[in-house]
Amino acid sequence: MDIFKKKLVSFIKAVIKEKKNIDISDEESEKLIKNPPDVSFGDYSLASYYLARYGFKGKPEDIAEEIFNFFEPSFADMEELFDKIEIKGAYVNFFVNKEKFASFVVRDVTDSGGDYGRGAPQKPLKVIIDFSSPNIAKPFGVGHLRSTVIGMSLSKIYEFCGHNAIKINYLGDFGTQFGKLITAFCRYGDIDFSEFEKDPVKILYGLYVRIHKDEQADATVEEEAKNRFKTLEDFISVNKRSFEEYLGGVNSVVNNINGKNIENGSGVEADSACASGNTKLSGENKNFFCGTPEGQYNLWKLFRKLSIDEFKRIYESIGIEFDAYEGEAYSAEFSKDIKEILLKSGIAEISEGAVIVNVKGVKAPALIAKSDGTSLYLSRDIVTAVSRMAKYNFDKMIYVVGSEQALHFSQLFGIFGKLKENIQKIEDNPNFKNYASIIDGRLVHVKFGRIIGMSTRKGNLVFLEDYIEEARLKAQEKLEERLKILEDNLSAEINDAAKKLNEGMEGIRATTENVEKQSLIHEGKNERTESENKQIYLTSLKVGIGAVIFNDLKTRRTTDVNFNWDNVLSFEGQTGPYLQYTVSRINSLLKRLSANEKDLKNAAQSFSFSKSDADFDDIFLIAKQIYGFKTALHSAVEQNEPSVLSSFALDLASHFNKYYQNYRLIGKAQEYVEPRFFMLSSVRTVLIRILNLLCVPVLERM
RNA sequence: GCGUUCAUAGCUCAGUUGGAUAGAGCAACAGCCUUCUAAGCUGUGGGUCGCAGGUUCGAAUCCUGCUGGACGCACCA
């Protein structure tokens, strides 16, 4: 809490104590302080109707007056921090000392450097964030992007707030669909294996599409796929440990490890390693792959490995990373144990041959296992949650999954509620009981809306890479335009200077300066050098990625977004590139202002603002905006909502751009420039921090 | 049919958890580059907060009903 608010808190406590003889906590008192909607109402306000709960009775206006009369005599005590107190209707409004406030905020940011806003809770939470989770065998489409960036951003936000975030990618690598994929591979003889190695995901997707089409006409496809999946699941389940045994083992590992406790060799990673080697894909090996359970298992593992490699490449290109890759298959091994435990304890029952759980508050029965005995993803999710509890001992687990799966998660969460209630009915499984009973209440479904109307220009699924490339091209186009204008202006300047050359020294100086500048930019249609081209490519790529990612994070998660190419490819207004541009603008300005760094270092100790300066009101507004960063972070975490930060950043950027437009700093006196230098640098610090938290690339220059 | 969820300016969205005069950005129109990056800034127009009730000092926000859309609802994930 800042010194201004602290003062108010103590005053509010005092007035309640004095008038009603009630002691309230600092937190309670702080909650009574609101931010007025307009500067003309001051900087903090106390709405009298909130005091009704402490026994203040009567018309709100009268209460406000009562409070005001209490404050006024002791105003001298506040004078150092506040300019005035005003009564307006039902509100008592407080006006801070603007000079002090602005200096306070800017100094706060300057002192904490890049860490401004970083949290350090007394008890950091261990939070698992399960996101992205693409389905293997399908290419990484734009649909996956939303989960990916929301999850990644939340992880960063939690980390920045001092919590411990564990990022898990839970791959959809199991289920009947893989039976289909294997069926496709085995049925179609015309697969080009060299093509396969080049772009495996594309080939797999081709198989996927083809088999789904054939399935419509040929009923044997589905049957074969089901059988092959059963073979796969049976093969995995043979000779395995029991879930109980597994949980016991995890437990002993966990006790020795603090912090993140990432088990790198687990699950997918380890399995995919043994998939290579003797399992070369070729025509001759086809009998092995299609004819034996072991071959089929290897084939599936190979599909999975190839897909994961591809995903990793894509993640890397947009700056996404995970602490662990897990797969559903890993849990499939234990889904039969779950089924038995739940049935034996009476939590689950058999209905129409399938295993179901009836969950409180959810009408639809939760299906745990199919009548042919194979597992469903709900049972695998139960296994996964329990395993993770054993492994990580999490305080909270967030599933970043689309809202169309809301029912699934309410069933999953409901099952853990039921498990907790009926835990004593479970026999013989102490480890399972131990972990399963404490999960209830720690699971959160962070859902998000669909992206509607997203299709390629020809009308199909959009691949993420094509999407980004489209944005990049647009960014490059824009960049080229700007360079052209720059070049044109330059040659105009040079012509101008040449004219002046006849008029004396002034012209000579101008000409030499311009020749220097010109060497940086190619004039006219000359070929650019390779490094210039590379620079242009990288810049436009970052802008493109920024535009695409920010587009997914700027609106509240839950609303469906109407996709519109023109909106995404417009880089003006409330967009990622606008923020990137703002940062690079500040960069450029600060660079020009910081010619004398030594002076600035000295000034950092003792700068201050004067309200007699023409730009002071705007400086104060910027300081206020910066100050709101901590509140924004807080509500972003509370709501698991990155868009809070997006809106905040847009506001801040807009404040800066207005200031930039209205006041010039170059050429002003050093003591005028110094405090503003730190103010602008504070804006930049916060903007860059938010861009980082939102996974939007930051550019030095644009 | 049942359930979840949404409806705010022509379009895309905010709206400090029930508070002061409902705000931005696009698009339209009118301006601003000899002066720190015009991916910027300024101004104008644009609203029955889906409709109807209710709750109270006070409702875009809460409750009920209606209309309209999206999603989900037994062996897919």
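Only a predicted model underlies this, so the values are computations on that prediction, with no experimental measurement involved.
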Checking all strands, does [X] fall into the base, sugar-phosphate, or nothing category for heavy-atom contacts under 4.0 angstrom?
{"X": "A/Y50", "answer": "base"}
{"X": "A/L367", "answer": "base"}
{"X": "A/N93", "answer": "base"}
{"X": "A/Q405", "answer": "base"}
{"X": "A/R701", "answer": "base"}

- Message: Out of the candidates A/N358, A/V355, A/I368, only one should pair with A/E349 under the side chain to side chain contact (heavy atoms under 4.5 Å, CB included) rule; please name it.
- Response: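 By the side chain to side chain contact (heavy atoms under 4.5 Å, CB included) criterion, A/E349 pairs with just one of A/N358, A/V355, A/I368: A/N358.
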- side chain to side chain contact (heavy atoms under 4.5 Å, CB included), paired with A/R684, selected from A/T582, A/V698, A/L590: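 Checked A/T582, A/V698, A/L590 against A/R684; only one passes side chain to side chain contact (heavy atoms under 4.5 Å, CB included): A/L590.
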- Candidate nucleotides B/rA20, B/rC71, B/rC36, ranked by approach to the side chain of A/E404 - the nearest: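 The answer is B/rC71.
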- Task: When you get a sec, tell me which of B/rC36, B/rU21, B/rA77 is the closest nucleotide to the side chain of A/L665?
- Result: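 Nearest to the side-chain atoms of A/L665, counting from C-beta on, is B/rC36.
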- Message: Using whole Å, what does the distance between atom C1' of nucleotide B/rC76 and atom CG of A/D372 come to?
- Response: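 Rounded to the whole Å, the gap is 13 Å.
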- To the nearest Å, give me how far apart CG (A/L650) and P (B/rG25) are.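 So the CG-P distance, A/L650 to B/rG25, works out to 10 Å.
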- Message: Atom NZ of residue position A/K5 - does it have more than 12 heavy atoms of other residues, nucleotides or ligands inside 6.0 Å?
- Response: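 Yes.
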- Report the residues that fulfil ring pair (Phe, Tyr, Trp, His ring centres under 6.0 Å) with A/H212, sequence neighbours left out, ordered by chain and then residue number.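 Partners of A/H212 under the ring pair (Phe, Tyr, Trp, His ring centres under 6.0 Å) test: A/Y208.
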- Taking only residues two or more places apart in sequence or in another chain, which ones pass ring pair (Phe, Tyr, Trp, His ring centres under 6.0 Å) with A/Y170?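 Here no residue qualifies.
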- Query: For nucleotides 8-16 of chain B, read 5' to 3', which letter fits each nucleotide if B means a protein heavy atom sits under 4.0 Å from the base, S means only the sugar-phosphate is that close, and - means neither?
  - Reply: ----SSSSB
- Item | Contacting residues from residues 349-362 of chain A, given that a heavy atom lies under 4.0 angstrom of RNA chain B |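 Contacts with RNA chain B under 4.0 Å: A/S351, A/E352, A/A354, A/I356.
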- Per-nucleotide pairing state of RNA chain B [Watson-Crick or G-U, under 3.5 Å; [ ] pseudoknot-crossing; | other strand]: (((((((..((((.....[...)))).(((((.......))))).....(((((..]....))))))))))))....
Could you list all N or O pairs between the protein and nucleotides 40-42 of chain B that sit under 3.5 Å apart?
unit_1, atom_1, unit_2, atom_2, d
B/rG40, OP1, A/G573, N, 3.0
B/rG40, O2', A/R585, NH1, 2.7
B/rG40, N2, A/Q661, NE2, 3.0
B/rC41, OP1, A/Y578, OH, 2.9
B/rC41, O4', A/Q661, OE1, 3.3

- Query: Cut-off 3.5 Å, side chains only: do A/D615 and A/Y659 have a donor facing an acceptor?
  - Reply: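 Yes - a donor-acceptor pair under 3.5 Å links their side chains.
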- Message: Go nucleotide by nucleotide along RNA chain B from the 5' end; which of A/V543 and A/Y44 gets its closest nucleotide reached first?
- Response: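 Nearest-nucleotide comparison on RNA chain B picks A/Y44.
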- Task: Examine A/F178 together with A/F303 and report whether their ring centres are nearer than 6.0 Å.
- Result: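 Centroid separation for A/F178 and A/F303: 6.0 Å or greater.
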- So among A/W300, A/Y377, A/Y330, which one has a ring-ring contact (aromatic ring centres under 6.0 Å, His included) with A/F174?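 Looking at A/W300, A/Y377, A/Y330, the match for A/F174 under the ring-ring contact (aromatic ring centres under 6.0 Å, His included) is A/W300.
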- Message: Does A/R676 qualify as a cation-pi partner of A/Y672, given the criterion of NZ or CZ under 6.0 Å from the six-membered ring centre and within 45 degrees of its axis?
- Response: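 Yes, A/R676 and A/Y672 form such a contact.
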